[in-house]
Amino acid sequence: MKTITNIQDLPSPCWLLEESLLRKNIAIMKQIQDKAKVKILLALKGYALWKSFGMMRDVLHGCCASGLHEAILAHEEFAKEIHTYSPAFKEEEIKDIAKISHHMVFNTPAQFHRFASLAKGYNPKISLGLRVNPEFSKAPKEIYNPCGLYSRLGTTKANFDEAILEQCDGLHFHALCEEDVDALEGVLEHFESNFGTFIPQMKWINFGGGHHIARDDYDVDKLIKLLKNFKARYPMVEVYLEPGEAIGWRTGALYATVLDIVENGMSIAILDTSAEAHMPDTILMPYRAEVRGAKKPNGAPYVYRLGGNTCLAGDIMGDYSFDQPLKIGDRIIFEDQMHYTMVKATTFNGIKLPDIAIRRIDGTIDIVRQFSYEDFKNRLS
Ligand SMILES: *Cc1c(COP(=O)(O)O)cnc(C)c1O
């Protein structure tokens with residue numbers, strides 16, 4: 001690990017986590033836990049910068065993992081509660097998952113019946129649950145709607161099988177994506193109207209992720225009230241939330257550099273990063289990443305299309321305008337690049353992965369990971 005004190009020495013491209021901002025988000029989680037008496041887990045799917053786990057371990061209760069590899073990471077690097085859910089478990093992985101997980105959540109009654117006793121055999125203390133589909137969601141797009149038509153995620157009321165109840169300690173739902181508490185309210189109503197009869201016999205209910213808790217205008221007080229009301233209705237039931245995005249929300253940026261400027265009907269800056277490989281949600285979701293100091297295309301005099309350094313024509317971050325002309329070597333800083341970036345990044349086109357750095361509270365910057373050719377080679381054969 002290398003430590004630098006001058007931001008100019010930051011390698012490029014590089015993700016830079018701001019410890020102070022992450023701690024701010026964790027403080028909001030703490031407030032919710034303290035006031036509503038619920039337990040919050042980190043969803044590794046959205047944020048898995050494990051060298052920062054020490055900043056949240058004393059507050060959060062553990063991690064939610066989407067399968068064996070995330071469960072092992074949680075076990076090795078977070079070492080608190082591990083809640084593992086997978087759309088479908090494989091028999092050969094049950095042993096390793098069950099041994100380190102505290103909760104295991106099945107997607108269907110069929111998986112529950114197939115693996116419940118096996119999992120219990122490896123870990124008699126494991127708590128088993130079922131993911132249900134409340135069949136209500138206000139998710140912004142169909143690919144982020146686990147309750148949409150023909151969804152494979154979670155068990156609908158019609159497919160519920162009461163035969164699992166004897167071994168089932170909890171119910172899990174996940175139906176939100178970047179949503180506010182009003183959306184949760186709607187989901188919860190449907191969850192209770194479909195599955196409410198089973199709640200009193202459960203030890204826990206997991207409210208999933210997608211709560212956009214750390215966003216400035218998120219109504220944290222309303223969430224606390226909603227959680228308290230739920231707990232008042234079911235006093236014996238433990239409540240879990242498992243946000244991913246909200247933990248990493250606005251906690252750091254992706255630093256890149258202008259390599260060349262092409263003129264072809266407009267000015268196009270080629271960067272040493274890639275929308276496709278390093279910030280795929282800008283293409284997939286899609287969304288427009290904010291660039292520090294830049295405006296919308298008509299906001300400032302110098303307009304550029306920002307593009308990645310791969311051979312994919314569509315590897316474009318978008319059009320931005322600047323007060324000064326860009327020149328080769330300039331830094332381009334994409335805001336809010338901590339969640340759903342590192343966990344999704346690829347070495348497509350042999351492009352180097354961005355390094356990972358953490359700016360500590362005292363201002364020093366630790367370069368905690370540098371990538372090289374070997375990372376490209378090692379995942380191929
Ligand atoms: C994706 C996911 C989460 C985390 O969602 P965020 O939108 O990152 O908060 C939590 N639980 C489950 C089951 C998920 O699939």
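When reading the values below, keep in mind they use all heavy atoms of this one structure, side chains included, and skip hydrogens, waters and symmetry mates. Position 1 is the first residue of the sequence, and the numbers go up from there. Ligands are counted one by one from 1 in listed order, and the atoms in each one are counted from 1 as well.
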Compute the shortest N/O to N/O distance between [X] and ligand 1 and return yes if it is under 3.5 Å, no if not.
{"X": "E178", "answer": "no"}
{"X": "K45", "answer": "yes"}
{"X": "G244", "answer": "yes"}

Heavy atom of [X] under 4.0 Å from ligand 1?
{"X": "Y47", "result": "no"}
{"X": "H339", "result": "no"}
{"X": "P243", "result": "yes"}
{"X": "G210", "result": "yes"}

So [Y] and [X], do their side chains get closer than 4.5 Å, heavy atoms only?
{"X": "Y255", "Y": "Q337", "answer": "no"}
{"X": "N349", "Y": "L312", "answer": "no"}
{"X": "T155", "Y": "P109", "answer": "yes"}

Look at the aromatic rings of Y304 and F322 and report parallel, tilted or perpendicular, splitting at 30° and 60°.
->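 Y304 vs F322 ring planes: perpendicular.
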Of E245, H212, H172, E242, which has the heavy atom at the shortest distance from atom 10 (C) of ligand 1?
-> E242
Pick from G248, C64, G154, A43: the one approaching atom 4 (C) of ligand 1 most closely through a non-hydrogen atom =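 Among G248, C64, G154, A43, the closest heavy atom to atom 4 (C) of ligand 1 comes from A43.
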Flag the pair H103 / Y240 as yes when their ring centroid distance falls below 6.0 Å, and as no otherwise.
-> yes
Flag the pair F207 / F173 as yes when their ring centroid distance falls below 6.0 Å, and as no otherwise.
-> yes
Side-chain (S137) to main-chain (A175) donor-acceptor, under 3.5 angstrom = yes
In the protein, what heavy atom is nearest to atom 3 (C) of ligand 1, and what distance, to one decimal place, separates them?
-> H174 CE1, 3.5 Å
Nearest non-hydrogen protein atom, atom 8 (O) of ligand 1 | Y340 OH, 2.6 Å
Report yes or no: is the cationic atom of R114 (NZ for Lys, CZ for Arg) under 6.0 Å from the centre of the six-membered ring of F106, at an angle within 45° of the ring normal?
-> no
Near R131 (heavy-atom distance under 4.0 Å), the atoms of ligand 1 are 13 (C)
